[in-house]
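Notes for the one structure printed next.
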Amino acid sequence: MIYMDNAATTKVTDSVLNAMLPYLRENYGNASAIYSLGQKSRAAIENSRIKIAEILKTKPSEIYFTSSGTESDNWVIKESLNPREKHHIISSRIEHPAILNSLKAVKSLGSDYSLISVDQEGFVNLDELSEKIRDNTKLISIMFANNEIGTIEPIEEISKIAGEKNILLHTDAVQAMGNVKFNLRDLDVDMLSISGHKLGAPKGIGILYIKEGTEISPFINGGEQERGMRASTENVASIVGIGRALEDAYANIDANIEYTRDLRDYTIEKLLNIDGIILNGPREKRLPGNINITLKDTKPQTMVQYLDMYDICVSSGSACAAGSINPSHVLRAIGRSEEDSLSMLRISLNHNNTREECDYVVEKISQGMKKFKNR
């Protein structure tokens, strides 16, 4: 099988699985228990928290474990506002549905939001961001890198704008983590979301970084887990797994980024030689493994099914929009027509892919374009 849908999910690595196994079998105690079996689980959680904080250059007390990037996003949007006040949030038109639908939810409770536009490559309009700020703007939430077209946003510049106005800044770094080298000491954001299954960790584990002093309410009420901010018995094995996944990602991040970026550029050049293929998103400042193309006069779902016959896994959009018959809101935001926004194919590579695999996939896409054009 040739797997090129790493933006949707990644395979759990052997390193991560081996780190997790003891906490699924021998050391399976509840981390809230005071006997030794439970305290082994507690120690594993805190060791993972310390490890993650060291990698990201922040404090362990600023790392909170969640079930997913989606939960982390929901926590930020829904709990950073005072329910007794009518606040304003600024975000962008190309955010993940976890942000966009959470914004709709808080608006129903009395707060308001504005969505700023992006250019033809998906970069947010910084002038419009500044213009949209109101006296009651409490939060700016802009994704670090787009999950569909791979655009890496200017978070450092956005941070300066937010800081000058004393506005909280959140970034959804689900796609960026492991694909863009950064640390929280230099990035200067107040909150940041991470998802484990994009990194070689299992599904069902995420992180929310919350800078010390940030006003935000607990997301799940119940016990005292996560210092009373996110109740629920901890998923110990997966917490260990995401710590190991981040450790592995940062140990090889420079080499992996360079290799994957070179493979991406090589594949893009070959794809653009095929009649009817258009690249979406920028050539530079793009996630190293992201390739997003429009297939003119060809249905992407048909292409995905055709490639699947040859054991090739790609997607016809983001995983969160699977099954939707609506055009990509991201492609519409960058100015693509409705027809072209319904004809998207996303290939997402990582360091495990090879040039030979890319050659084979391009060959099959070329064959598919000839076979299914106008069908």
Side-chain angles (χ1 to χ4, degrees), residues 1-14 17 96-97 146-150 174-175 179 195-204 260 263-281 286-331 336 338-375:
M1 181 180 72
I2 298 176
Y3 186 76
M4 294 186 174
D5 198 18
N6 291 283
T9 196
T10 57
K11 177 183 178 181
V12 174
T13 67
D14 290 342
L17 180 61
H96 190 278
N146 186 261
N147 55 307
E148 291 192 18
I149 61 174
V174 166
Q175 294 292 335
N179 292 309
S195 179
H197 76 105
K198 313 293 188 178
L199 289 164
K203 302 168 185 65
T260 309
L263 197 62
R264 175 204 69 193
D265 292 343
Y266 170 79
T267 307
I268 287 174
E269 290 300 329
K270 293 182 73 72
L271 285 168
L272 292 181
N273 287 327
I274 300 172
D275 184 45
I277 286 184
I278 300 171
L279 180 68
N280 298 310
R286 182 189 195 106
L287 288 173
N290 177 278
I291 302 171
N292 186 299
I293 53 177
T294 290
L295 310 177
K296 298 290 286 186
D297 303 318
T298 303
K299 294 180 180 178
Q301 294 85 356
T302 303
M303 181 67 78
V304 170
Q305 293 168 347
Y306 176 71
L307 295 175
D308 187 44
M309 293 170 56
Y310 296 94
D311 292 327
I312 297 168
C313 299
V314 299
S315 68
S316 57
S318 64
C320 59
S324 173
I325 60 172
N326 296 318
S328 162
H329 72 286
V330 175
L331 295 192
R336 296 288 189 254
E338 182 171 344
E339 181 181 4
D340 285 351
S341 298
L342 284 165
S343 302
M344 174 177 70
L345 194 74
R346 184 185 67 181
I347 300 168
S348 41
L349 311 169
N350 74 7
H351 59 278
N352 293 313
N353 293 119
T354 66
R355 183 169 287 208
E356 291 73 22
E357 288 178 335
C358 291
D359 287 339
Y360 183 70
V361 171
V362 171
E363 176 188 339
K364 293 305 174 186
I365 290 175
S366 179
Q367 292 175 3
M369 289 291 286
K370 295 172 184 174
K371 184 179 180 68
F372 299 113
K373 192 171 184 179
N374 296 316
R375 286 174 58 183

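All values reported here derive from a predicted model rather than from experimental measurement.
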Just to verify, what does Asp265 make a salt bridge (charged side-chain N to carboxylate O under 4.0 Å, His left out) with, not counting sequence neighbours? none
Any luck finding a side-chain donor-acceptor pair between Arg336 and Asn280 under 3.5 Å? yes
Does any N or O in the side chain of [X] come within less than 3.5 Å of the main-chain N or O of [Y], such that one atom is a donor and the other an acceptor?
X	Y	result
Gln175	Ala7	yes
Thr302	Thr298	no
Asn353	Asn350	yes
Lys198	Ala8	yes
Thr294	Lys296	no
Thr267	Leu263	yes
Arg264	Arg286	yes

Contact between [X] and [Y] at the side-chain level, heavy atoms closer than 4.5 Å - yes or no?
X	Y	result
Tyr306	Asp308	no
Ile291	Ile293	yes
Pro288	His351	no
Val174	His197	no
Ser328	Glu148	yes
Met309	Lys364	no
Leu199	Thr10	no

Step by step, would you call Thr9 with Tyr3 a side chain to side chain contact (heavy atoms under 4.5 Å, CB included)? CA-CA 10 Å; Thr9 196; Tyr3 186 76; 3.4 Å; yes
Run the numbers on Asp359 and Tyr266 for side chain to side chain contact (heavy atoms under 4.5 Å, CB included), then give the verdict. CA-CA 9 Å; Asp359 287 339; Tyr266 170 79; 2.6 Å; yes
Pick out which of Ser316, Pro327, Pro300 makes a side-chain contact (heavy atoms from CB on, under 4.5 Å) with Leu342.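 Answer after filtering Ser316, Pro327, Pro300: Pro327.
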Of all heavy-atom pairs linking Leu295 and Ile277, the shortest is CD2-CG1, 4.0 Å
Taking atom [atom1] of [X] and atom [atom2] of [Y], what is their separation to the nearest 0.5 Å?
X	Y	atom1	atom2	value
Cys313	Ile347	SG	CD1	12.0 Å
Leu271	Leu345	CG	CG	8.5 Å
Gln367	Leu307	CD	CG	10.0 Å
Met344	Ser315	CE	OG	6.5 Å
Asn147	Ser348	CG	OG	10.5 Å
Ser366	Asn273	OG	CG	9.5 Å

Determine, stepwise, if the pair Val330 / Asn146 fulfils side chain to side chain contact (heavy atoms under 4.5 Å, CB included). CA-CA 9 Å; Val330 175; Asn146 186 261; 3.7 Å; yes
Residues Val314, Ile312; criterion side chain to side chain contact (heavy atoms under 4.5 Å, CB included); working and verdict: CA-CA 7 Å; Val314 299; Ile312 297 168; 4.1 Å; yes
Is the shortest distance from a Lys or Arg side-chain nitrogen in Asp5 or Arg346 to a carboxylate oxygen in the other one below 4.0 Å? yes
